[in-house]
Amino acid sequence: MPTTYDPRAVEDKWYRYWEEGKFFHAKVDAARKPFCIVMPPPNVTGQLHMGHALDNTLQDILTRWRRMQGYNALWMPGTDHAGIATQAKVEEQLAKEGLTKFDLGREKFLARVWAWKEQYGGRITHQLRRLGASCDWDRERFTMDEGCSAAVREVFVRLYEQGLIYRDYYITNWCPRCHTTISDIEVEHQDQPGQLYYVRYPVKGGGSLTVATTRPETMLGDVAVAVHPEDERYRHLVGKTLILPLVGREMPVIADEYVDPAFGTGAVKITPAHDPNDFEVGRRHNLPQVKVIDQDARMTDEAGEYKGMDRWECRKQIVRELKAQGLLEKVEDIGHAVGHCYRCRTVIEPMLSRQWFVRMKPLAGPAIRAAREGELRFVPERFSKIYLNWMENIRDWCISRQLWWGHRIPVWYCRDCGEMIVSRQAPQQCRCGGSRLEQDPDVLDTWFSSALWPFSTLGWPEKTPELDYFYPTSVLVTGRDIIFFWVARMIFSGLNFMNAVPFREIFIHGLVLDALGRKMSKSLGNGVDPIDIIESHGADSLRFMLITGNTPGNDLRFHFERLDGARNFANKIWNASRFALMNLGDDQPEAAPDEALTLADRWILSRYQAVVRDVTAYLEAYELGEAARVLYEFIWNEFCDWYIELVKPRLYARDESPAARQDRAVARDVLSRVLRGAMELLHPFMPFITEEIWQRLPRRGPTIMLAPWPVYRAEQRDQTAEAEMETLMEIIRAIRHIRNEMNVPPGKKADAVLVAPQENLRRLAVAWPGYIEGLAACRLQVLPALAERPAQAAHAVAGGAEIFVPLKGLIDLDRETARLEKELAVLGKDLARVRGKLGNAAFLSKAPAAVVEKERAKETELAVKYGAVEKRLSILRG
RNA sequence: GGGAGCAUAGCUCAGCCGGGAGAGCGCCUGCCUUACAAGCAGGAGGUCACAGGUUCGAUCCCUGUUGCUCCCA
């Protein structure tokens, strides 16, 4: 085995072994308890980014852990057709050929997209494999495969029949570049500097009314000016007629509660066709809708002489003319939130158009109840507030998109009679007998199909055994950025169509940010490619780095130093295993009888049990970072730094006596048991290296993936061994400290005298002399008392004993005195604090007895130490 | 305007049920000790943002303030 761990040499090998062995595959089995996670489907033609890496690492940890626990674990993978994103990529590609989608036509264009999907569709799933994802690839799904498409049509028709889908004219968010409507949550609001223009509108018959607007170009579509009904300044003008400047249209002054009297002048121009609020006002007051901006964000015929102008050009032109006519009162700089397309960052144009909507209120009710009544649990809990807040203020969902790539809306229009047919299958004929049917050209919002993911992937609308067995799924793992887009929609869809929540728990994680705390983004170029990291550091290191030092729901900064730390940990494991394997020999070690165990054996076995308990408990609580930390500390600090060091002399001994041989066998057994157990506990986190090592250890079964998860056994805890080891470790640390402080050369053995009046302590030190002598590099003498205290010696108090390290000639008395004085000061401070507490009657009467007892013990210990150090100092001072 | 989060060592972050704080990295000292220098041993470094409150006791619970981040309108 090489001295450094090389992930490249093992990762692909094991992944292939697992996949070919079908270890990821879950079959319905009523005799076993199911565990199921559906993977948030990544964009089918996308590439793995750090967000995916984190999300899927968390899912893989949970899945592998539950699988080892004996659950029938299904992690359902798949990909999303990602309407706008995928279509945009293909359009880009066409543009390079000098073509547009219209040159090809719908059918040929779609063929191109499918070809694109075939070409890149496997990329991301391949990348997930490199991460180690143990999902059931045999069940992989795609949101536009036949089954999912059938589910989409079924849902659309049923919602329509429930009266929950309607078609209407409405203001929607139009992206002039993507040429489609997008839903409210797909609009990203950004605070930007802008101008507030104060424009004077003449009142018919004399006078004027000044309105403030950030979008003067929309005035061409104005049909009224609104003021607040209780605004004294304008009450006399309500009902009067205004002349719209530049256009000459006559329009009324109306009163509406929507107006904020404190903003601008308190008078608002109303443009129902180009502003969502104005649209509502227009409806309330039966105002006409004048559309002055078109799908390319250019001015329409209605804009008169401005026709054909770009919206920003038109704004400039209108401002110029208003100024020229003396109608522009003033211009103020303000900051305001401007909506941008989440895909292409183009400024959204609110546009009046006819779209399909889902009526949300009836669907939101059960979704709210499920969260309130605990059928759904968010981890961390606070995200339920965010979810509820959104659900309770829900607005209807615009589901139609003016795209070609996606699920086409299953609605046909009869060209003969105008009848609208909503149907699961393409109808042949209209009721009127006509057969000239045309399908709605629009497709559905991509999230419409992903909302069905937890049941469509399990076979719905068919009644499949999978659906029966795995639904509701166990937990959903996803980023906090798509709670609204996806999580919320799956919940109301599941409740409406399955009569049950799609998952019982929702484990939300934060975002992976760059080292400076910024979101990773293409435009900033600050993204880190997980595949690069896997190649340089290994998938295990990446996974470990992503989950340690992070707490559920919090964002995580990507630091390369932390990655090195994870890589070093892998290397540490590797080398500890090398040590073990080099010393285990070929024979299967026999189980060591309890009475043959040394203190170190009993200690490490007991500590191992504590780790089994803690890791399992942390996993149950979704505290994966804490679970990993416990393992890290156990493996590095306890197993490597102490146990391996203590076991070395036993394994290296040349002694061939029966006792020595047995002791060696015991050591081998304990070493391999603890290492194997540690690998099993670590496997969900670092699947590759643990499999590599596990396979080389004495084991049972074809793969660590299917090894039973270690179960905590309280009877294997050994509190005595833990306490005794702790005492010896304290003594060893004290001697090492002295050696370092006194500059004893590392190769030189020191003499150490352990003075302990307590017999049990002396017995302990004598029983395991090699521990202290070996790990502190000294010759040890154990005494109940010292007749004469050596002046030429360094001193320490540890584990309830006094330690002297005679250093004739080597010791610098001043230095030793200073060291002890410092220690005495610290002890004195601690002692004063404890005594203060114990002197407080309220503390004694009100604090729990155990706490008081603990303080008392602390006082005794500190007092002994203090006394010893004080005495020592007086001797040194002569 | 509404909501959420964060503030702990030089840096990045943990810290459960309230009982005087931890890790990694960095820094200092000494070591190539045959598992590992991606390592070993030792060490320095903190008014737990600020002000109140509850409590015998607060980094932790409550209120307010300040600063930063995010979401929604």
Side-chain angles (χ1 to χ4, degrees), chain A residues 1-5 184-185 187-189 260 262 276-277 337 339 380 382-390 393 395 480-481 483-484 510-511 513 515 517-519 537 541 545 548-551 553-583 614 617-618 621 623 625-626 628-629 632-633 636-637 640-641 644-645 647-648 651-652 732-747 774-777 829-830 833-834 836-838 840-848 850-852 854-855 858:
Chain A
M1 284 172 88
T3 60
T4 50
Y5 172 59
D184 291 337
I185 52 177
V187 178
E188 287 182 2
H189 291 275
D260 174 6
N277 291 313
R382 67 184 136 95
F383 288 104
S384 70
K385 275 187 259 174
I386 291 174
Y387 163 82
L388 284 170
N389 194 34
W390 188 74
N393 298 295
R395 307 202 345 214
R480 54 147 226 261
D481 51 333
I483 293 176
F484 305 145
L511 274 34
L513 308 173
R518 301 171 305 180
K519 252 173 145 165
H537 289 70
S541 298
M545 177 269 176
T548 47
N550 184 232
T551 206
N554 284 10
D555 291 346
L556 166 86
R557 293 195 195 193
F558 193 97
H559 284 278
F560 281 89
E561 302 84 68
R562 296 202 34 238
L563 194 65
D564 288 340
R567 191 258 330 258
N568 294 354
F569 181 47
N571 203 46
K572 188 74 180 175
I573 293 166
W574 182 251
N575 279 294
S577 305
R578 278 180 61 228
F579 169 81
L581 292 165
M582 284 176 347
N583 288 288
D614 292 349
Y618 279 129
E623 298 272 1
E626 286 296 286
R629 182 187 56 79
Y632 179 93
E633 286 173 359
W636 200 309
N637 303 331
C640 292
D641 289 349
I644 287 184
E645 291 309 320
V647 92
K648 275 178 183 173
L651 295 174
Y652 291 163
I732 290 163
R733 284 194 205 102
I735 300 173
R736 282 172 171 175
H737 180 59
I738 289 173
R739 294 181 55 104
N740 264 285
E741 289 284 300
M742 294 296 129
N743 296 319
V744 179
L775 296 195
K829 217 176 104 194
D830 288 351
R833 192 176 51 234
V834 173
K837 238 180 186 180
L838 289 169
N840 181 348
F843 173 74
L844 295 179
S845 64
K846 295 197 175 173
V851 173
V852 176
K854 212 169 128 191
E855 291 300 314
K858 211 188 279 176

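Reminder, nothing fancy here: chain letters follow the sequence lines and each chain counts from 1. The structure presented is a predicted model; accordingly, all values stated were derived computationally and were not measured.
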Nearest-angstrom distance, [atom1] atom, [N] to [M]:
| N | M | atom1 | result |
| --- | --- | --- | --- |
| B:rC6 | B:rC17 | C1' | 24 Å |
| B:rG19 | B:rG57 | P | 15 Å |
| B:rU12 | B:rU69 | P | 15 Å |
| B:rC61 | B:rA23 | P | 23 Å |
| B:rG5 | B:rG43 | P | 40 Å |
| B:rA35 | B:rC40 | P | 13 Å |
| B:rC72 | B:rC13 | C1' | 29 Å |
| B:rC71 | B:rU65 | C1' | 24 Å |

At under 4.0 Å between heavy atoms, what does [X] touch on the DNA or RNA strands: base, sugar-phosphate, or nothing?
| X | value |
| --- | --- |
| A:Asn840 | sugar-phosphate |
| A:Met582 | sugar-phosphate |
| A:Asn393 | nothing |
| A:Arg739 | nothing |
| A:Leu556 | nothing |
| A:Arg833 | base |
| A:Asp641 | sugar-phosphate |

Counting heavy atoms from C-beta on, name the nucleotide in [options] closest to the side chain of [X].
| X | options | result |
| --- | --- | --- |
| A:Arg733 | B:rG20, B:rC56, B:rG42 | B:rG42 |
| A:Glu626 | B:rU12, B:rG39, B:rA14 | B:rA14 |
| A:Asn740 | B:rC56, B:rA14, B:rG42 | B:rG42 |
| A:Phe484 | B:rC71, B:rA23, B:rA38 | B:rC71 |
| A:Phe843 | B:rU12, B:rA14, B:rC56 | B:rC56 |
| A:Asn575 | B:rC36, B:rU12, B:rU29 | B:rC36 |
| A:Glu645 | B:rG20, B:rC36, B:rC56 | B:rC36 |
| A:Arg480 | B:rC40, B:rA35, B:rC70 | B:rC70 |

Does a side-chain N or O of [X] approach OP1 or OP2 of [N] to a distance below 4.0 Å, or not?
| X | N | result |
| --- | --- | --- |
| A:Arg736 | B:rG42 | yes |
| A:Lys648 | B:rA35 | yes |
| A:His737 | B:rA41 | no |
| A:Trp636 | B:rC40 | yes |
| A:Thr551 | B:rG15 | yes |

Would you say the side chain of [X] and the base of [N] hold a donor-acceptor pair, judged only by whether the two atoms sit under 3.5 Å apart?
| X | N | answer |
| --- | --- | --- |
| A:Arg382 | B:rA4 | no |
| A:Glu741 | B:rA41 | no |
| A:Lys572 | B:rA38 | no |

Ignoring hydrogens, what is the shortest heavy-atom contact between [X] and [Y]? Give both atom names and the distance.
| X | Y | value |
| --- | --- | --- |
| A:Arg562 | A:Arg557 | NH1-O, 3.9 Å |
| A:Ser541 | A:Ala566 | O-CB, 3.3 Å |
| A:Tyr5 | A:Asn571 | N-OD1, 2.9 Å |

Distance from A:Arg629 atom CZ to A:Glu623 atom CD, nearest 0.5 Å?
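Reported value, rounded in 0.5 Å steps: 10.0 Å.
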
Complement of [N], any strand, by Watson-Crick or G-U distances under 3.5 angstrom:
| N | answer |
| --- | --- |
| B:rG18 | none |
| B:rU69 | B:rA4 |
| B:rC40 | B:rG30 |
| B:rC61 | B:rG53 |

Under 30°, 30 to 60°, or over 60°: which ring-plane class applies to A:Phe558 and A:Phe560, parallel, tilted or perpendicular?
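A:Phe558 vs A:Phe560 ring planes: perpendicular.
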
Between A:Phe579 and A:Tyr652, how do the two ring planes meet: parallel, tilted or perpendicular, split at 30° and 60°?
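Rings of A:Phe579 and A:Tyr652: perpendicular, as their planes differ by over 60°.
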
Want to settle it: does A:Arg567 or A:Tyr618 sit nearer the 5' end of RNA chain B, counting the closest nucleotide to each?
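Looking at RNA chain B, the more 5' nearest nucleotide goes with A:Tyr618.
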
Residue whose nearest RNA chain B nucleotide is more 5′ - A:Asn568 or A:Ala576
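Comparing both residues, the 5'-ward one is A:Ala576.
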
Passing candidate, side chain to side chain contact (heavy atoms under 4.5 Å, CB included) with A:Arg480, options A:Ile386, A:Asn554, A:Asp555:
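Of A:Ile386, A:Asn554, A:Asp555, side chain to side chain contact (heavy atoms under 4.5 Å, CB included) with A:Arg480 is met by A:Asp555 alone.
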
What is the distance from [atom1] of [X] to [atom2] of [N], rounded to the nearest Å?
| X | N | atom1 | atom2 | answer |
| --- | --- | --- | --- | --- |
| A:Asn389 | B:rC71 | CG | C1' | 9 Å |
| A:Leu775 | B:rG42 | CG | C1' | 15 Å |
| A:Trp390 | B:rA73 | CH2 | C1' | 14 Å |
| A:Arg562 | B:rC11 | CZ | C1' | 12 Å |
| A:His559 | B:rA14 | NE2 | P | 11 Å |
| A:Met742 | B:rG43 | CE | C1' | 13 Å |
| A:Glu561 | B:rA38 | CD | P | 16 Å |
| A:Lys846 | B:rG57 | NZ | C1' | 11 Å |

Does A:Arg739 use its side chain to pair, donor to acceptor, with the backbone of A:Pro745 at less than 3.5 Å?
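Such a contact is found between A:Arg739 side chain and A:Pro745 backbone.
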
N/O donor-acceptor pair under 3.5 Å between A:Asn393 side chain and A:Asn389 backbone:
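Yes; at least one donor-acceptor contact below 3.5 Å.
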
Taking syn as a glycosidic torsion within 90° of 0 and anything else as anti, which one is B:rC17?
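B:rC17: syn.
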
